[in-house]
Structure formats: C-alpha cells, structure tokens
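Both backbone and side-chain heavy atoms feed into the values below; hydrogens, waters and symmetry mates do not.
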Amino acid sequence: MWEVYAEHAALGRSELAVLLCLGEWPDIWVRALAEWGKAEDRSHAAARVAYAVACERRRSELNARVLANLRLEA
C-alpha cells in the first residue's frame, strides 16, 4: 500500500522511508485496546485486540521488508 501511494504521490526513496517509519505507530492496536478497556463484554473485545495485534505484526513485518529493500537499493 505504501509503495503504491509513494509512486502515485511521486515520493522519493527518503520520503517513502519517512512515511514507513511514521506508519510504525500501532494505530489499530491502540484503538482495539481502548475499546477492550471500556467494554462490558471483554471476551468479544479481547478477540478484537488479538486480531489487531496480528494485523500490527503483519504490517510491521511488511514495513521492515520494504525498508530493507530500500536500503539494499541505495
């Protein structure tokens, strides 16, 4: 997703690297955790937190691969 955005926005390699680093903030995980904290039925909310953690792990791994490729191409 980030690479497509960077291509269409005509971002350079360093700008893409900055964008990926900004994407390190665990947005979906923080929201799911906040909802878990206020939920009456925490079993459903806990499933959302687990899903958010899995999404964040996948996103983090993808970002790491893209950043590694940027460094290799430099």
- Item | Interatomic distance, Leu62 atom CG to Arg57 atom CZ [nearest 0.5 angstrom] | 16.0 Å
- In Å and rounded to the nearest 0.5 Å, what is the CG to CZ distance from Leu70 to Arg65? 13.5 Å
- Under 3.5 Å donor-acceptor, Glu61 side chain and Arg58 backbone: no
- Item | Qualifying residues under side-chain contact (heavy atoms from CB on, under 4.5 Å), relative to Ala10, sequence neighbours excluded |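 For Ala10, no residue satisfies side-chain contact (heavy atoms from CB on, under 4.5 Å) once neighbours in sequence are set aside.
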